[in-house]
Chemist: 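One structure is given below, represented as structure tokens, and several questions about it will come after.
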There are 2 protein chains.
Amino acid sequence: MPRPPKLTAEDITRTALRLGDREGAEAMTMRRIAAELDCDPMSLYRHYTNREALLDAVADAALAAVGEPDADEPWAERLTGLLTAVRDAALRHPGVTAHIAARPPLGPQGRRIAAALIGTLADTGLPPADVVRTTQTLIAYLAASLAMSVHAGTRDARWEQVRTVFDELPGGMPGQELNIVGSTDQFGYGLRLLIDGIRARSAGPRV
Amino acid sequence: MPRPPKLTAEDITRTALRLGDREGAEAMTMRRIAAELDCDPMSLYRHYTNREALLDAVADAALAAVGEPDADEPWAERLTGLLTAVRDAALRHPGVTAHIAARPPLGPQGRRIAAALIGTLADTGLPPADVVRTTQTLIAYLAASLAMSVHAGTRDARWEQVRTVFDELPGGMPGQELNIVGSTDQFGYGLRLLIDGIRARSAGPRV
DNA sequence: TCAGATGAATCTACACCGTAGACATTCGGG
DNA sequence: CCCGAATGTCTACGGTGTAGATTCATCTGA
């Protein structure tokens, strides 16, 4: 083993994550990250084959704060707790939120969380064949909610335009209160929807 | 009005869409699109302020093929039909699928589809305040499914790794058949889950 | 008929990006 | 002592989005 590395893969992800938090996603270029580490841009390629691979690792690292669910709670609470924790962790690092949304991390953290999800869903009484599918569905929903949050600010106006459609519907009640796109409230609503669906399916599977 | 424009905004989106279908998403650079139209790259900026804005328009245009739902069907069928149509339209243009997934289009087509969704959900018996929230949830889920489809090929291996977690669970049945990430089957499953959730909520709202 | 206005299309140029490929450096083991 | 080998560095290339100035074709009013 020649020349002990002065730069570990973890150093890189940690620094990149901080940089992304501080200056936004588009600041996480190879050159900027290297500058932050005070090393040559090309050195990063010793640890990650691509910029893509590096960002995957950074996104995964951002989920390290997500803890294990409490095994004593009923599955629905565990599920909400877990998914909320992931959402919070992702939003706490705005620089990588978009990346997490676009391609849910499957690094060590991602796999750990997926395992926890599967473990929780195993207690729902859902047919075994459906557990993994449900996991994917939940991850997909979570990812999408994050994507909505990322662009919420820029797009709320256009959503408002969509929402007026409802007001003009026969029987629709105009003057409804605003539903903020990507809000925590909105996330929780969809989650309850999904959990109700799981409950309905696990009780008596339909179709 | 001096000098009639030889280049319309729609020309651009149509050409860019074709180019993206033929050569992939990363081929849709300003220069390549301009080359395809046989004009100067900078000319595109007369019609779209950004590359971003241009791609938004292209993504929206890709949804033009989605038809209006049949008002005679029950709402659940209308919903599945509509969402499936959007999914098909998006997948038929692989060059923009990722973009559609990342930021659901809110151009004319997107708004038309959102309106159709709202119209359908208005018949569910769902509390009025929840209709728009459910719309957002469904769009989020659809977007997420598309995102999964995009990267399915590259990531199935790692998903396989996740799936083995389930096999090792006490009471888990190893040797389960493979669930292909982003497949139509997977999409349909989550959709049924959501519809069951809607049904449960519209019957007797819980919480 | 012709100057001028007006906006579309173009040209040039800049700063920046990811990264291939050759090179230098620094260590442990024989 | 030297050699193999992995790490860090340097240079350079082809590409990107797009700002700013400029050309050009057309319509208008005199």
Chemist: Looking at the side chain of B:Lys6, which of D:dG17, C:dT19, C:dT10 is the nearest nucleotide?
Modeler: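 Taking heavy atoms from C-beta onward, the closest nucleotide is C:dT10.
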Chemist: Please determine whether a side-chain nitrogen of the Lys or Arg among A:Glu36 and A:Arg22 lies less than 4.0 Å from a carboxylate oxygen of the Asp or Glu.
Modeler: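 Looking at A:Glu36 and A:Arg22, the cut-off is met.
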Chemist: Measure the distance from CG on B:Asp38 to C1' on C:dT10 and round it to the nearest whole Å.
Modeler: 13 Å
Chemist: For A:Ala27 and for A:Arg46, locate the closest nucleotide of DNA chain C by heavy-atom distance; then report the residue assigned to the nucleotide nearer the 5' terminus.
Modeler: A:Ala27
Chemist: Measure OH/A:Tyr45 against P/C:dC17 and give the value in whole Å, please.
Modeler: 11 Å
Chemist: Does a nitrogen or oxygen in the side chain of A:His47 sit under 4.0 Å from OP1 or OP2 of D:dG8?
Modeler: yes
Chemist: Heavy-atom distance under 4.5 Å between the side chains of B:Leu54 and B:Met28, does that happen here?
Modeler: no
Chemist: Classify the side chain of B:Arg31 versus the base of D:dG15 as yes if they form a donor-acceptor pair under 3.5 Å and no if they do not.
Modeler: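 In this structure, the two groups form no donor-acceptor pair.
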Chemist: In terms of side-chain geometry, is the basic nitrogen of A:Arg199 or B:Asp196 positioned less than 4.0 Å from the acidic oxygen of its partner?
Modeler: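 Judged by the 4.0 Å cut-off on N to carboxylate O distance, A:Arg199 and B:Asp196 do not form a salt bridge.
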Chemist: Please report the distance, rounded to the nearest Å, between CE in A:Met28 and P in C:dG18.
Modeler: 11 Å
Chemist: Hey, does A:Thr29 reach any base, or is it just sugar-phosphate, or nothing, if we go heavy atoms under 4.0 Å?
Modeler: sugar-phosphate
Chemist: What nucleotide, of C:dG18, D:dT9, D:dA19, holds the atom closest to the side chain of B:Met42?
Modeler: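 From the listed options, D:dA19 comes nearest.
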Chemist: Base of C:dG18, side chain of A:Arg51 - is there a donor-acceptor contact under 3.5 Å?
Modeler: no
Chemist: State, yes or no, whether a side-chain contact exists between A:Leu17 and A:Asp21 at a heavy-atom distance under 4.5 Å.
Modeler: yes
Chemist: Figure out the CG/P separation between A:Asn50 and C:dC17, and round it to whole Å.
Modeler: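 In whole Å, C:dC17 P and A:Asn50 CG are 17 Å from each other.
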Chemist: Can you find a heavy atom in the side chain of A:Thr184 that is under 4.5 Å from one in the side chain of A:Arg87?
Modeler: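 A:Thr184 reaches A:Arg87 side chain to side chain.
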Chemist: Using whole Å, report how far CE of A:Met30 lies from C1' of C:dG18.
Modeler: 7 Å
Chemist: Roughly how many Å is it from CG in A:Leu44 to P in C:dA20, rounded to a whole number?
Modeler: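 Taking atom P of C:dA20 as the reference, CG of A:Leu44 is at 13 Å.
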Chemist: Rounded to whole Å, please give me the gap between CG in A:Asp40 and P in C:dT25.
Modeler: 14 Å
Chemist: Quick one: A:Ile33 CD1 to C:dC17 C1', roughly how many Å, whole number?
Modeler: 12 Å
